[in-house]
Amino acid sequence: MLLLDEPSNGLDIDAQKELMTLMSKLSELEKIIIVSSHDPELISTVAQSYVFLGNGRVLKQTFGQVSKEKLVNRYHQLYGLGVINDD
Amino acid sequence: MKFTVNGLSKRYKTSHILTNVNFDFDMSVCNIIALIGPNGIGKTTLMRLMAGITIPNAGDISIDNSTNLTYEAWARVNTIFVPAGERGLRNKLTIYQNLEYFSALSNQNYQENADHLTSLAKLFNITNFVKNDFEKPQLVKRKRHLY
């Protein structure tokens, strides 16, 4: 099991894409990856379950892939930035 | 296999970082699980707990497997924790020289670590790449080395 703490920090867009591709390949090899991120837009391309943390607790957990727009909206709802696009 | 975080709490002195954290997932269904939240919300602390390198003040993590290992013992063998940042690797040394250096510092067997690195390099198709100085690769490739 791989535990990746904010692995996309400091990477440019191409490098971020390469990182996501690498994570997908590892996932296909049946490796379990737990990845922390404050970038829902990026992580939506690969994750299959989401655990939203806030105030030291789990605010929400979802299962299954989620579209980038939904995930970003959920992030803004949970962390007090309002809904950007209501779908 | 089910991975369960049950009532996990962690505090440092009087600062409560995590309080009664609960979630679970089926490892045979979900391969990539994202911990989401702004900076400073406890993600790294939770990572360290899941890596078995930090002990909780309350609650536990469990995994339903056939062994009788505690989670911490299981995690030390079965998890690789890649912290944020580069954590002091020596830019002027090659990847293997870094490995030799840090193996010596932590009194670990260099050859065993080198064999493990070689197998990982084959997996990531970077066998020739790891012979370079660490400062030459771009950041994403450095992170590959950390994995």
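Chain naming here is simple, since letters A, B, ... match the order of the sequence lines and numbering starts at 1 in each.
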Give the C-alpha distance, both sets of side-chain angles, the deciding distance and a yes or no for side-chain contact (heavy atoms from CB on, under 4.5 Å) between A:Ile43 and A:Tyr50.
CA-CA 10 Å; A:Ile43 211 68; A:Tyr50 299 88; 3.9 Å; yes
Please check if the side chain of [X] supplies one atom and the backbone of [Y] the other of a donor-acceptor pair under 3.5 Å.
X: B:Ser103; Y: B:Asn109; result: no
X: B:Asn31; Y: A:Ser27; result: yes
X: B:Thr4; Y: B:Asn6; result: no
X: A:Ser8; Y: A:Gln16; result: no

Top contributor to chain A interface from B:Gly37, B:Ala51, B:Ala75 [non-hydrogen pairs under 4.5 Å]
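Of the candidates given, the most pairs with chain A belong to B:Gly37.
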Determine the option with the most heavy-atom pairs under 4.5 angstrom with chain A, choosing from B:Ser28, B:Cys30, B:Pro38.
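Heavy-atom pair counts peak at B:Pro38.
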Interface residue of largest heavy-atom contact number with chain B, from A:Leu59, A:Leu71, A:Val46, under 4.5 Å:
A:Val46
Non-hydrogen atoms of chain B under 4.5 Å away: do they reach the side chain of [X], the backbone, both or neither?
X: A:Asn55; result: backbone
X: A:Ile32; result: both
X: A:Lys31; result: backbone

Cluster question for you: counting only ILVMFWY and a side-chain heavy-atom cut-off of under 4.5 Å, with indirect links fine, are B:Leu49 and B:Tyr12 together?
yes
With a 4.5 angstrom heavy-atom cut-off, which part of [X] approaches chain A: side chain, backbone, both or neither?
X: B:Ile41; answer: both
X: B:Leu8; answer: neither
X: B:Val5; answer: neither

Ring geometry between A:Tyr79 and A:Phe52 (parallel below 30°, tilted from 30 to 60°, perpendicular above 60°)
tilted
